[in-house]
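These figures come from a predicted structure and were not determined experimentally.
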Amino acid sequence: TQARGLQRIFEAPDSGDILVLAEDDRPVGMVSLLYLTSTALGSRVALLEDMVVQPGQRGRGCGSRLLKAAVECARQRGCRRITLLTDGHNLDAQRFYRQHGFAVSDMKAMRLMLD
């Protein structure tokens with residue numbers, strides 16, 4: 001399922017970007033951005049959908065490098081906002097994103113899973 005999602009981005013490059021961080025020609029992390037149009041802002045915005053760093057690579061700045069690259073990529077694509085979701089119990093991730101300028105939104109995430 002995850003590979004299918006990545007393939008869809010590769011097939012429709014205007015829908016998003018996938019950034020990969022590699023060390024010694026081996027991937028150690030990735031982040032995906034999906035692009036939407038915000039009617040409220042009247043511009044393109046990004047959804048940071050997935051960010052993953054291999055457990056053995058965490059705490060070495062890999063996530064910070066990936067996130068900075070994602071922010072710059074979204075900026076270059078004309079986005080005026082990046083939105084992301086973290087699990088409520090994942091305090092480490094929330095602290096990480098706050099350290100990089102993200103703030104808690106008053107918006108409440110709601111989902112309807114479709115079969």
Side-chain angles (χ1 to χ4, degrees):
T1 310
Q2 191 174 27
R4 197 171 344 138
L6 294 173
Q7 184 64 34
R8 287 183 179 188
I9 296 172
F10 289 135
E11 291 171 355
D14 282 344
S15 69
D17 283 301
I18 299 166
L19 307 174
V20 177
L21 178 64
E23 292 182 355
D24 299 322
D25 294 323
R26 293 178 324 140
V28 296
M30 62 84 62
V31 61
S32 62
L33 294 169
L34 302 177
Y35 301 120
L36 308 163
T37 299
S38 167
T39 55
L41 293 177
S43 69
R44 186 178 235 196
V45 295
L47 173 62
L48 193 150
E49 177 63 17
D50 293 305
M51 186 160 126
V52 180
V53 174
Q54 289 184 358
Q57 302 296 320
R58 294 178 186 161
R60 299 181 44 240
C62 295
S64 294
R65 290 170 34 207
L66 270 172
L67 188 57
K68 287 176 185 176
V71 168
E72 184 54 32
C73 182
R75 218 180 245 123
Q76 289 177 4
R77 291 282 210 155
C79 295
R80 291 187 50 208
R81 179 182 72 214
I82 299 176
T83 301
L84 62 86
L85 299 171
T86 63
D87 289 323
H89 66 274
N90 193 342
L91 301 180
D92 289 339
Q94 293 168 37
R95 187 172 27 259
F96 170 79
Y97 290 117
R98 271 195 226 88
Q99 289 171 348
H100 289 278
F102 285 79
V104 175
S105 169
D106 289 335
M107 302 294 285
K108 178 75 174 166
M110 298 176 73
R111 290 185 176 147
L112 171 63
M113 299 302 291
L114 305 174
D115 293 330

Worked check of side chain to side chain contact (heavy atoms under 4.5 Å, CB included) between Leu19 and Cys73:
CA-CA 9 Å; Leu19 307 174; Cys73 182; 4.2 Å; yes
Cluster companions of Leu36 among Ile, Leu, Val, Met, Phe, Trp, Tyr (side-chain spacing under 4.5 Å)
Leu41, Val45
Would you check, one step at a time, whether the test side chain to side chain contact (heavy atoms under 4.5 Å, CB included) holds for Ile18 with Val20?
CA-CA 7 Å; Ile18 299 166; Val20 177; 4.3 Å; yes
Distance-only criterion, 3.5 Å: show the donor-acceptor pairs between side-chain atoms of residues 96-106 and protein atoms not counting sequence neighbours.
| from | atom 1 | to | atom 2 | distance (Å) |
| --- | --- | --- | --- | --- |
| His100 | NE2 | Ser64 | OG | 3.0 |
| Ser105 | OG | Met107 | N | 2.9 |

Given 3.5 Å as the limit, does a donor-acceptor pair link the side chain of Thr37 with the main chain of Ser43, or not?
no
With side chain to side chain contact (heavy atoms under 4.5 Å, CB included) as the criterion, how do Cys79 and Tyr35 come out once you've worked through the C-alpha distance, each side chain's angles and the decisive distance to 0.1 Å?
CA-CA 8 Å; Cys79 295; Tyr35 301 120; 3.6 Å; yes
Taking ILVMFWY side chains as joined if any heavy atoms are under 4.5 angstrom apart, and letting links pass through other members, which residues group with Leu112?
Leu114
Candidate pair Arg80 and Arg44, rule side chain to side chain contact (heavy atoms under 4.5 Å, CB included), full reasoning
CA-CA 6 Å; Arg80 291 187 50 208; Arg44 186 178 235 196; over 6 Å; no
Validation: residues 82-93 side-chain donor-acceptor distances under 3.5 Å, sequence neighbours left out:
| from | atom 1 | to | atom 2 | distance (Å) |
| --- | --- | --- | --- | --- |
| Thr83 | OG1 | Arg81 | NE | 3.3 |
| Asn90 | OD1 | Ala93 | N | 3.1 |
| Asp92 | OD1 | Arg95 | NH2 | 2.4 |

Closest heavy-atom pair, Leu48 versus Leu33, reported as atoms and distance to 0.1 Å, is CA-CD2, 4.0 Å
Anything under 3.5 Å between a donor and an acceptor, one on a side chain of residues 52-63, the other on a protein residue two or more places apart or in another chain? List them.
| from | atom 1 | to | atom 2 | distance (Å) |
| --- | --- | --- | --- | --- |
| Gln54 | NE2 | Pro27 | O | 3.1 |
| Gln57 | OE1 | Arg60 | NH1 | 2.1 |
| Arg58 | NE | Val53 | O | 2.8 |
| Arg58 | NH2 | Val53 | O | 2.9 |
| Arg60 | NH1 | Glu23 | OE1 | 3.3 |
| Arg60 | NH2 | Glu23 | OE1 | 3.1 |

Give, for atom CG of Leu66 and atom CE of Met30, the distance between the pair rounded to the nearest 0.5 Å.
9.0 Å
For Glu72, which residues count as a side chain to side chain donor-acceptor pair (under 3.5 Å) partner, sequence neighbours excluded?
Gln76
